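All values reported here derive from a predicted model rather than from experimental measurement. For ligands, and for the atoms within them, numbers begin at 1 and follow the listed sequence.
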Amino acid sequence: SVNRGKVVIIGTSNVGSAVLNKITDFQLASEIALIDLDMDRARGEALDTSHAMSSPYSTNIKVHTGTYEDCRDAAFIVITAGPSILPGETPDRLKLASTNTKIMRSIFSEIVKYTKEAMIIMITNPLDVATYVVSTEFDYPREKILGTGTMLETYRFRYILAEHYDMDPKNIHGYVLGEHGNDAFVAWSTVNCAGLGIDHLDEYFHFKNKLSRKEVEQGLIQTAYDVINLKGFTNTGIAMVACRFIKAILYNEHTILPCAAVMNGEYGMRDVALSIPRMISQDGIVRSLEVHLPEDEMEKLVRAQKSVRAALDGAGVK
Ligand code: NAD
């Protein structure tokens with residue numbers, strides 16, 4: 001049976017360690033098992049985080065290295081294994097498709113030996129390719145495989161827009177949808193700021209610089225590569241995103257967030273995974289919402305579908 005407090009993290013480098021630390025700090029688990037090809041790294045992370053449990057600010061969460069057997073009673077399995085794009089490389093996550101498809105297959109063939117119950121949180125890139133491969137090539141309940149997808153771009157977008165107007169990013173509602181990567185797009189038709197209406201913000205705030213949607217859109221894609229080029233990798237934002245989903249599931253929130261899953265006929269699409277708004281409860285993805293998109297946004301969704309499908313084809317995925 002499932003231990004509601006148990007998390008397995010697979011891949012314990014930049015991203016996995018950040019996820020580990022946010023989960024412990026937010027007290028979203030009572031036990032965390034770490035798996036990596038490089039078990040020394042996993043052991044080091046387990047020790048370092050365990051030392052922090054002596055602080056009065058920490059809940060005494062048991063953190064240890066593990067094996068795939070730990071998946072047997074896990075409530076969550078967070079997958080962050082596999083390389084990222086590195087500083088200076090071609091800024092396109094899709095080029096990781098072949099390598100990380102192989103890694104996803106090897107990891108998932110282990111997981112399915114032990115469980116079909118755990119909620120799988122996918123982080124490895126190319127996110128939509130990885131999510132599609134594990135969802136379609138293994139007999140695992142699809143509603144329990146959640147790709148973090150454009151939740152991260154959505155957080156980035158909210159920050160960029162909030163900076164422009166010097167306001168709290170949490171005042172900004174609306175979604176970035178499509179591919180987690182270069183074909184993520186702002187669904188402007190879904191955007192609102194504190195109920196003020198996106199078209200009226202310049203008027204309320206009397207800004208010298210009028211909002212340029214194009215600049216926001218370009219900045220949104222570029223900012224991930226800026227982080228990679230500046231600090232070597234991204235990990236803090238995605239760790240927060242992972243915790244957002246874990247909490248939504250743990251607390252049975254029925255909250256609606258953009259995230260990736262295999263399309264099930266929404267917008268007539270089935271041959272890719274993409275992010276659209278989806279309702280998250282303790283059972284995973286319980287509804288996927290085919291939001292009404294105007295023609296220009298629909299075109300961008302189709303473009304995202306085509307590029308993810310091309311990456312899947314390139315990696316030999318049906
Ligand atoms: P990294 O290269 O530093 O670490 C990858 C880790 O995976 C290494 O520790 C490696 O030993 C381990 N690994 C490789 N193959 C494995 C296997 N078969 N089993 C177990 N472990 C294995 O990469 P990182 O910076 O930590 O990023 C990890 C992944 O997360 C990358 O694919 C990156 O692109 C992705 N990422 C996704 C998002 C998102 O929004 N979805 C954000 C940031 C990073």
- Message: Heavy-atom pairs closer than 4.0 Å: do any link ligand 1 to the side chain of Met122, the backbone, both, or neither?
- Response: neither
- Item | Atoms in ligand 1 flagged as close to Ile238, the criterion being non-hydrogen separation under 4.0 Å | 38 (C), 39 (C), 40 (O), 41 (N), 42 (C), 43 (C)
- Contact between Leu152 and ligand 1, counting heavy atoms under 4.0 Å? yes
- Query: Do ligand 1 and Ile103 have nitrogen or oxygen atoms that lie under 3.5 Å from each other?
  - Reply: no
- Message: Polar contacts were defined as any N/O atom of the residue lying under 3.5 Å from an N/O atom of the ligand; does this apply to Pro83 and ligand 1?
- Response: yes
- Message: Please check whether Ile85 reaches ligand 1 - meaning an N/O of the residue sits under 3.5 Å from an N/O of the ligand, judged on distance alone.
- Response: no
- Item | Top protein contact for atom 23 (O) of ligand 1, by heavy-atom distance | Gly82 O, 3.7 Å
- If we number the atoms of ligand 1 from 1 as shown, the ones under 4.0 Å from a heavy atom of Thr80 are 28 (C), 29 (C)
- Message: Please tell me whether Arg41 and Thr12 have a donor and an acceptor in their side chains that are separated by less than 3.5 angstrom.
- Response: no
- Item | Numbering as shown, the atoms of ligand 1 that approach Arg41 to under 4.0 Å (heavy-atom distance) | 9 (O)
- Going by distance alone, is a donor N or O of one side chain under 3.5 Å from an acceptor N or O of the other, for Asp183 and Ser307? yes
- Pick whichever of Asp36, Thr148, Thr150 has a heavy atom sitting closest to atom 10 (C) of ligand 1. Asp36
- Message: I need the atoms of ligand 1 closer than 4.0 Å to a non-hydrogen atom of Asn100, numbered in the order shown.
- Response: 32 (O)
- Between Glu45 and Asn21, is any side-chain donor less than 3.5 angstrom from a side-chain acceptor? no
- Cut-off 3.5 Å, side chains only: do Tyr175 and Arg158 have a donor facing an acceptor? no
- Query: Got a salt bridge between Glu253 and Arg244, using NZ or NE/NH1/NH2 to carboxylate O under 4.0 Å?
  - Reply: yes
